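Below, read A as the first sequence line, B as the second, and so on, with proteins coming before strands; counting in each chain starts at 1. These figures come from a predicted structure and were not determined experimentally.
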2 protein chains.
Amino acid sequence: MPGSTNFLTKNKSVILYGIFLAILLLLLKWLELRFIIINHAFEIYAGSIAVIFTVLGIWLALKLTKPKTILIEKEVFTEKPETFVFNEKEMIRLNISKRELEVLQLMSEGLSNQEIATKLFVSLNTIKTHIARLFEKLEVKRRTQAVEMSKKLSLIP
Amino acid sequence: MPGSTNFLTKNKSVILYGIFLAILLLLLKWLELRFIIINHAFEIYAGSIAVIFTVLGIWLALKLTKPKTILIEKEVFTEKPETFVFNEKEMIRLNISKRELEVLQLMSEGLSNQEIATKLFVSLNTIKTHIARLFEKLEVKRRTQAVEMSKKLSLIP
DNA sequence: TAGAAAATCACCCTAAAGTATGAAGCCAAA
DNA sequence: TTTGGCTTCATACTTTAGGGTGATTTTCTA
């Protein structure tokens, strides 16, 4: 059911209907006393009344049932996407290079510095340098914090 | 607009309306020829026709506009729940104690062993022991792996 | 209440992580 | 072409993490 604004419209329509009905009756009475309908052509008179008031009834009903349209909100719950979207803006903002990100990803997988070095065909010292820079840029002190931070920043899944 | 079933109802109503109108006219004609209304009490006659056909019109309109209700589906995207449900079964299965879980949580927050020890008012060695046991139970070799594993097992958020 | 499990702590040692500094090669942009 | 950023590597050092063993105390349970 719609709000209370319906009552105003409803009353308005009823009043208008009443006024229109009164005018119509007066008109008919006037017509009766004049030329068209006196005693004959009674069927035409009754028929016209029937037609007019039917139309009036339909109009009234339509007017009253105007806000009849019912909006049914159906909530559709969406699954959490689980699709990782890489936050490139953060990477740019923190000035993290591609190689550093690569090291970060392997670090987040639990690999040791030596394992990362072997995997990337570079020396252990190189990895240490990368990681040291990453800690600066991510403003952390330990690799566990780095992983936590970079996950929060959507740099890694 | 709803489906084609509306048309059947519509036609049905129109036919019924027509039949009812015809019957009513015959009834009025019959009444006219009999006792009540002959020449006088004309207003009652016209008024009753008006009322009857108004009601009829309203009824007809309501009947026709019955399937006017519109269903609107509104998709509501929910925030990803983020509600962490602790996996107690895994904790029991891996035989992880409360204290160990506590240490695990602090470890996942990036705290060092010394920081954890200070926070829990115990010695560094105690924390080392807890963590060593955790590594055994989680079957990992490093704390980064431990955090990753325990997140996968829903032991920590 | 005795025994098991959990929690605590210590000592020693090695491995890994992290810090600091310096430097060389490469490559794209000014 | 030169400058600056990226990548690479090295050396030296400190700190932290991790492994192994043993022991004491507390807490819970059969």
Side-chain angles (χ1 to χ4, degrees), chain A residues 86-153 155-156, chain B residues 86-153 155-156:
Chain A
F86 174 66
N87 192 345
E88 199 177 353
K89 289 180 183 176
E90 277 298 329
M91 184 181 164
I92 293 168
R93 187 179 73 82
L94 297 174
N95 200 25
I96 294 173
S97 70
K98 292 171 194 172
R99 198 59 160 174
E100 285 164 355
L101 186 69
E102 207 170 352
V103 172
L104 189 59
Q105 285 168 334
L106 294 173
M107 195 169 70
S108 74
E109 292 171 18
L111 274 69
S112 67
N113 291 348
Q114 184 57 64
E115 287 170 336
I116 296 170
T118 306
K119 201 156 195 168
L120 297 180
F121 302 104
V122 292
S123 78
L124 175 61
N125 289 307
T126 305
I127 298 304
K128 282 188 177 184
T129 308
H130 284 316
I131 287 178
R133 288 201 207 287
L134 275 170
F135 288 175
E136 279 178 41
K137 292 173 181 177
L138 292 171
E139 294 176 294
V140 294
K141 290 202 170 295
R142 276 174 288 280
R143 50 173 53 214
T144 44
Q145 291 179 341
V147 171
E148 204 196 7
M149 178 63 79
S150 52
K151 281 192 177 186
K152 192 181 288 178
L153 298 176
L155 294 172
I156 53 172
Chain B
F86 174 65
N87 192 346
E88 199 178 351
K89 290 179 182 177
E90 277 298 327
M91 183 181 165
I92 293 167
R93 188 179 72 83
L94 297 174
N95 200 27
I96 294 172
S97 70
K98 293 173 192 171
R99 198 59 160 174
E100 284 164 354
L101 186 69
E102 207 170 350
V103 172
L104 188 59
Q105 287 168 333
L106 295 173
M107 193 169 70
S108 74
E109 291 171 18
L111 275 67
S112 68
N113 291 347
Q114 185 56 65
E115 287 170 335
I116 296 170
T118 306
K119 201 155 197 169
L120 298 181
F121 302 105
V122 292
S123 77
L124 175 60
N125 290 307
T126 305
I127 299 303
K128 283 189 176 182
T129 309
H130 283 317
I131 286 179
R133 293 239 163 82
L134 276 170
F135 289 174
E136 281 178 40
K137 292 173 182 178
L138 292 171
E139 294 176 294
V140 295
K141 291 203 169 294
R142 274 175 291 278
R143 50 174 53 216
T144 45
Q145 291 177 341
V147 171
E148 204 196 8
M149 176 64 79
S150 53
K151 280 193 177 184
K152 191 180 290 179
L153 297 176
L155 293 172
I156 53 172

**Q.** Rounded distance (nearest 0.5 Å) linking atom CG of A/Leu120 with atom CG of A/Leu111
**A.** 9.0 Å
What side-chain donor-acceptor pairs closer than 3.5 Å can you find for residues 130-140 of chain A, not counting sequence neighbours?
unit_1, atom_1, unit_2, atom_2, d
A/Lys137, NZ, A/Asn95, O, 2.7
A/Lys137, NZ, A/Glu100, OE1, 2.8
A/Lys137, NZ, A/Glu100, OE2, 3.1

**Q.** Test side-chain hydrogen bond (donor to acceptor under 3.5 Å, both in side chains) applied to B/Thr126 - qualifying residues, sequence neighbours left out
**A.** B/Ser123
Q: Specify the closest pair of heavy atoms between A/Ala146 and A/Ser150, including all atoms of both residues, with the distance to one decimal.
A: O-OG, 2.7 Å
Return all side-chain donor-acceptor pairs below 3.5 angstrom for residues 101-110 of chain A, not counting sequence neighbours, or 'none' if the list is empty.
unit_1, atom_1, unit_2, atom_2, d
A/Glu102, OE1, A/Arg99, NH1, 3.1
A/Ser108, OG, A/Gln105, O, 2.6

Q.
The criterion is side-chain contact (heavy atoms from CB on, under 4.5 Å); which residues satisfy it with A/Thr118, sequence neighbours excluded?
A. A/Gln114
Q: Sorted by first residue and then second, give each salt bridge (Lys or Arg N to Asp or Glu O under 4.0 Å) pair with at least one member in residues 142-151 of chain B; sequence neighbours left out.
A: A/Glu115-B/Arg142
Q. Hey, where does DNA chain C pair up into stems, meaning at least three consecutive Watson-Crick or G-U pairs with distances under 3.5 Å?
A. C:1-30 with D:1-30
Q) Which whole-number value in Å describes the distance from A/Ile96 CD1 to D/dG5 P? A) 17 Å
Q: Look up atom CG in B/Asn87 and atom CD1 in B/Ile156, then write down how far apart they are to the nearest 0.5 Å.
A: 12.5 Å
Q: At the 4.0 Å heavy-atom cut-off to chain B, mark where contacts on DNA chain C begin and end, going 5' to 3'.
A: C/dA6 to C/dA17
(Q) Can you pull out every salt bridge (Lys or Arg N to Asp or Glu O under 4.0 Å) where at least one residue sits in residues 87-96 of chain A? Sequence neighbours excluded, please. (A) A/Glu90-A/Arg93
Q: Go along nucleotides 8-30 of chain D 5' to 3' and tag each nucleotide: B for a protein heavy atom under 4.0 Å from its base, S when only backbone or sugar atoms are that close, - otherwise.
A: BBBB-----BBS-----------
